Chemist: 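Have a look at this one.
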Amino acid sequence: MPELPEVEAIKVQLEKFLLNKKIVSIDVINRKVFQGDEKKLIGGLVKKVRRFGKVTSIDLSNGYSILTHVKLTGQYIYRGPELKSEILSKKVIGGIPGVHTHLIIKFDKGILYYNDVRRFGWIRVIKTSQVENEPFIKKLGPEPFKNLTFNIFEEILLKTKRNIKTLLMDQSKLSGVGNIYANDALWLAKIDPRRQADSLSSLEALSLFKAIEMVLKSGLKYGGASELAFVTPDGGEGQYQNYSLVYGHEGEICKSCKINKIEKFFLGGRGTYICPVCQK
DNA sequence: TGATATGTTATCTT
DNA sequence: CAAGATAACATATC
């Protein structure tokens, strides 16, 4: 769920709420999700928040960074003086703090909670200078809007016979796209997700490249998709699920041809939605 | 009650 | 050997 637009929404709000605030204490409730020495973070001021694909880095003034991946159900929720009205999505199961709260960071003003029902997410303390050398970040492929050009995209497609949808979601090939936006981009480009990546014509590849940018832009515009567990640090939800093109629309009429029903099947173990007539 | 949701990785297979 | 396919992770929800 949290893909490029969702993680960007987290990044933007964390920066908005935490910039220039000082960490005064850290409570690591669950070591499973936390790696490193939290004492290194105490006293640091938040100077910048960066995003690499689906990973966020909170950079501090003391040379350390908090690198974090929320995976499927990780949630960062902030409570502090600048929240005009305190909303808390019911997707925050157990509340804050609650049974699923694994980390609490207290700032001079405000508190940040990390909740994660399934505990797949992780938080790492590393030196800021090492963020870009972190193995996870190092193996990320180029990212849309950043360093993914059409030429690079086409080269990636031609290198493999894997199905195009699985390739789009492979973070080592291109970063940021997950299941929701892969489904929507392929529908928008009218390409069957089962096609071998290297079988796409140059024109089809260009259409898909543009479609990826379009659906990601739409996701960014609506603050991400909150189908499952995604919430923003202010406690609110994204709205993209109300504007998605095919993802989650099984059995509904295709928005393009307005005739055929959207079908769902599994591809690479992931839910895949298509219009069987529009997508070739 | 058991099937379902998904990001990533370890492991198995071709 | 390498690329690709699949299972595993954990648990709330329907």
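Quick note: numbers below take in every heavy atom, side chains included, and nothing from hydrogens, waters or symmetry partners. Letters go in sequence order (proteins before strands), and every chain restarts at 1. Please read these numbers as outputs of a predicted model, since none were measured by experiment.
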Chemist: Quote, to the nearest angstrom, the P distance that separates C:dA7 from B:dA3.
Modeler: 14 Å
Chemist: B:dT11 and C:dA10: how far apart are their P atoms, nearest whole angstrom?
Modeler: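 To the nearest whole Å, 15 Å.
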Chemist: Could you give the NZ-to-P distance, from A:Lys173 to B:dT8, as a whole number of Å?
Modeler: 13 Å
Chemist: Please report the distance, rounded to the nearest Å, between CG in A:Leu4 and P in B:dT8.
Modeler: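 Roughly 11 Å, once rounded to whole Å.
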Chemist: Base, sugar-phosphate, or nothing: which does A:Tyr247 touch, judged by heavy atoms less than 4.0 Å apart?
Modeler: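 The residue A:Tyr247 makes sugar-phosphate contact but no base contact.
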Chemist: Within less than 4.0 Å of OP1 or OP2 of C:dG4, is there a side-chain N or O belonging to A:Thr160?
Modeler: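 Checking C:dG4 against A:Thr160, a side-chain N or O does come within under 4.0 Å of OP1 or OP2.
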Chemist: Return no unless some side-chain N or O of A:His100 is found under 4.0 Å from OP1 or OP2 of C:dT11.
Modeler: no
Chemist: For A:Arg119 and C:dT11, give me the distance from atom CZ to atom C1', rounded to whole Å.
Modeler: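 Interatomic distance, CZ of A:Arg119 to C1' of C:dT11: 8 Å.
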Chemist: With a 4.0 Å cut-off on heavy atoms, is A:Gly271 in touch with a base, just the backbone sugar-phosphate, or nothing at all?
Modeler: sugar-phosphate
Chemist: Both A:Val117 and A:Asn163 contact DNA chain C. Which one's nearest nucleotide lies toward the 5' end?
Modeler: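 Going by which nucleotide is closer to the 5' end, it is A:Asn163.
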Chemist: Has the side chain of A:Arg270 got a donor or acceptor atom sitting under 3.5 Å from an opposite partner on the base of B:dT8?
Modeler: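 Pair found.
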Chemist: Output yes when at least one side-chain N/O atom of A:Lys139 is less than 4.0 Å from OP1 or OP2 of B:dT9, else no.
Modeler: yes
Chemist: From the set C:dG4, B:dG7, B:dT8, return the single nucleotide nearest to any side-chain atom of A:Lys161.
Modeler: C:dG4
Chemist: Charged N to carboxylate O below 4.0 Å: is that the case for A:Glu227 and A:Lys91?
Modeler: no
Chemist: A:Ile93 has an atom CD1; how far is it from atom P of C:dT13, in whole Å?
Modeler: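 Those two atoms, CD1 and P, are 4 Å apart.
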Chemist: Report the relative orientation of the aromatic rings in A:Phe136 and A:Trp122; use parallel for angles under 30°, tilted for 30 to 60°, perpendicular for over 60°.
Modeler: perpendicular
Chemist: Can you tell me how far P of B:dT9 sits from NZ of A:Lys54, to the nearest Å?
Modeler: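 Computing the A:Lys54:NZ to B:dT9:P distance gives 11 Å.
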Chemist: What integer distance in Å separates A:Phe120:CZ from B:dT8:C1'?
Modeler: 9 Å
Chemist: Please find out if less than 6.0 Å separates the ring center of A:Tyr113 from that of A:Tyr78.
Modeler: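 Not close enough - the centres of the two rings lie 6.0 Å or further apart.
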Chemist: So A:Lys106 and A:Ile26, side-chain contact (heavy atoms from CB on, under 4.5 Å) or not? Walk me through it.
Modeler: CA-CA 6 Å; A:Lys106 288 188 175 131; A:Ile26 300 197; over 6 Å; no
Chemist: Reckon A:Gln171 has a side-chain N or O less than 4.0 Å from the OP1 or OP2 of B:dG7?
Modeler: no
Chemist: Any donor-acceptor pair under 3.5 Å linking the side chain of A:Arg79 with the backbone of A:Leu112?
Modeler: no
Chemist: Before giving the answer on side-chain contact (heavy atoms from CB on, under 4.5 Å), spell out for A:His100 and A:Asp116 the whole-Å C-alpha distance, their side-chain angles and the decisive distance to 0.1 Å.
Modeler: CA-CA 6 Å; A:His100 298 301; A:Asp116 194 339; over 6 Å; no
Chemist: Describe the nucleic acid contact of A:Lys90 in one word from base, sugar-phosphate, nothing, applying a heavy-atom distance below 4.0 Å.
Modeler: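 A:Lys90: no heavy atom of the nucleic acid under 4.0 Å.
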Chemist: Roughly, in whole Å, what's the span from CE in A:Met169 to P in C:dA5?
Modeler: 12 Å
Chemist: Counting any heavy atom closer than 4.0 Å, what does A:Thr73 reach on the DNA or RNA strands: base, sugar-phosphate only, or nothing?
Modeler: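 The residue A:Thr73 makes no contact with any strand.
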Chemist: Are any of A:His69's side-chain N or O atoms less than 4.0 Å away from OP1 or OP2 of B:dG7?
Modeler: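 The answer is no; no side-chain N or O of A:His69 sits under 4.0 Å from OP1 or OP2.
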Chemist: What is the distance from NZ of A:Lys32 to C1' of C:dA10, rounded to the nearest Å?
Modeler: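 Checked: the NZ to C1' distance equals 8 Å.
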